[in-house]
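The structure appears below as structure tokens.
Computed from a predicted model, the values in this text were never measured in an experiment. The figures here come from the full heavy-atom set of this structure, side chains too, leaving out hydrogens, waters and symmetry mates.
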Amino acid sequence: MTGLLASLFVAAFLSATLLPGSSELVLAGLVSAGDVPAGLAVLVATIGNSLGSCVNWGMGRYLAHFRHRRWFPVKPAAYERYAGWYRRWGLWSLLASWVPVIGDPLTVIAGIARTPLPVFAIIVFVAKGMRYLVVA
């Protein structure tokens, strides 16, 4: 069971970064097969995914001055779109951090906007936890 939970953690962590992935499928598979308790699986996935979002926050916080570089993971047009949404909705836009396509860049923008990490982590943890509860 420990190996399965570790795999779930890694899948959740990586899918929260700007890398493609689908931790929901891993979670659903483990829970439906009865390989791990649903509550524990939700907790592990939520922690992994939230920590992955903290990596995005860190990228935004510490690498923001590189945002016009070709290799930066958020393109300038997309950056402006996400930044506008973040300016409009503020911290509460992080409740959408679980949403595919927009959620991960929002967490980068939160770092660029210098959102305090403890506040960021709590909001993201709640949002991602709710998503995993629905999946489970």
- Query: Which pair of non-hydrogen atoms, one from Ala41 and one from Val36, has the smallest distance, and what is that distance?
  - Reply: CB-CG2, 3.7 Å
- Task: Determine whether the side chains of Ser97 and Lys128 contain a donor N or O and an acceptor N or O closer than 3.5 Å.
- Result: no
- Say whether Met130 and Val26 are linked into one hydrophobic cluster, either directly or through other cluster members, by side-chain heavy-atom distances under 4.5 angstrom. yes
- Non-hydrogen atoms of Asn49 and Ser15 that approach each other most closely: ND2-OG, 3.3 Å
- Nearest heavy atoms of Ala96 and Leu106, plus distance in Å: CB-CD1, 4.3 Å
- Query: Do the non-hydrogen side-chain atoms of Leu8 and Leu4 ever get within less than 4.5 Å of each other?
  - Reply: no
- Check Ala110 against Leu94 and note the closest heavy-atom contact, atom names and distance. CB-CD2, 3.9 Å
- Query: Within a strict 4.5 Å, meaning less than it, do heavy atoms of the Tyr86 and Ile112 side chains meet?
  - Reply: no
- Item | Rounded distance [0.5 Å steps], CZ in Phe9 versus CG in Leu43 | 10.5 Å
- Message: Between Thr115 and Gly111 (side chain of the first, backbone of the second, donor and acceptor by atom type, cut-off under 3.5 Å), is there such a pair?
- Response: no
- Quick one: pull up CZ in Phe66 and CE in Met59 and give me the separation to the nearest 0.5 Å. 12.5 Å
- Query: Out of Ile122, Leu117, Ile123, which one pairs with Val119 under the side chain to side chain contact (heavy atoms under 4.5 Å, CB included) rule?
  - Reply: Ile123
- Message: So Phe13 and Ser50, do their side chains get closer than 4.5 Å, heavy atoms only?
- Response: no
- Could you state the interatomic distance from OG1 (Thr46) to CG (Leu51), rounded to the nearest 0.5 Å? 10.5 Å
- Task: Check whether any side-chain N or O of Ser93 sits under 3.5 Å from a backbone N or O of Trp89 as a donor-acceptor pair, and report yes or no.
- Result: no
- Query: So, do Phe120 and Leu91 sit near enough that their side-chain heavy atoms are less than 4.5 Å apart?
  - Reply: no
- Task: State the CG-OG distance between Leu14 and Ser22, to the nearest 0.5 angstrom.
- Result: 12.5 Å
- Query: What class does the angle between the rings of Tyr62 and Trp57 fall in, given that below 30° is parallel, 30 to 60° is tilted and above 60° is perpendicular?
  - Reply: perpendicular
- Message: Grouping I, L, V, M, F, W and Y whenever their side-chain heavy atoms are under 4.5 Å apart, do Leu25 and Val135 come out in a common cluster?
- Response: no
- Query: Nearest 0.5 Å, what's the CZ-CD distance between Arg87 and Glu80?
  - Reply: 6.5 Å
- Item | Any side-chain heavy-atom pair of Tyr132 and Val42 under 4.5 Å | yes
- Any side-chain heavy-atom pair of Val99 and Arg131 under 4.5 Å: no
- Item | Donor on one side chain, acceptor on other, Ser53 and Thr107, under 3.5 Å | no
- The reported gap from CZ in Arg70 to NZ in Lys75 (rounded to nearest 0.5 angstrom) is 7.5 Å
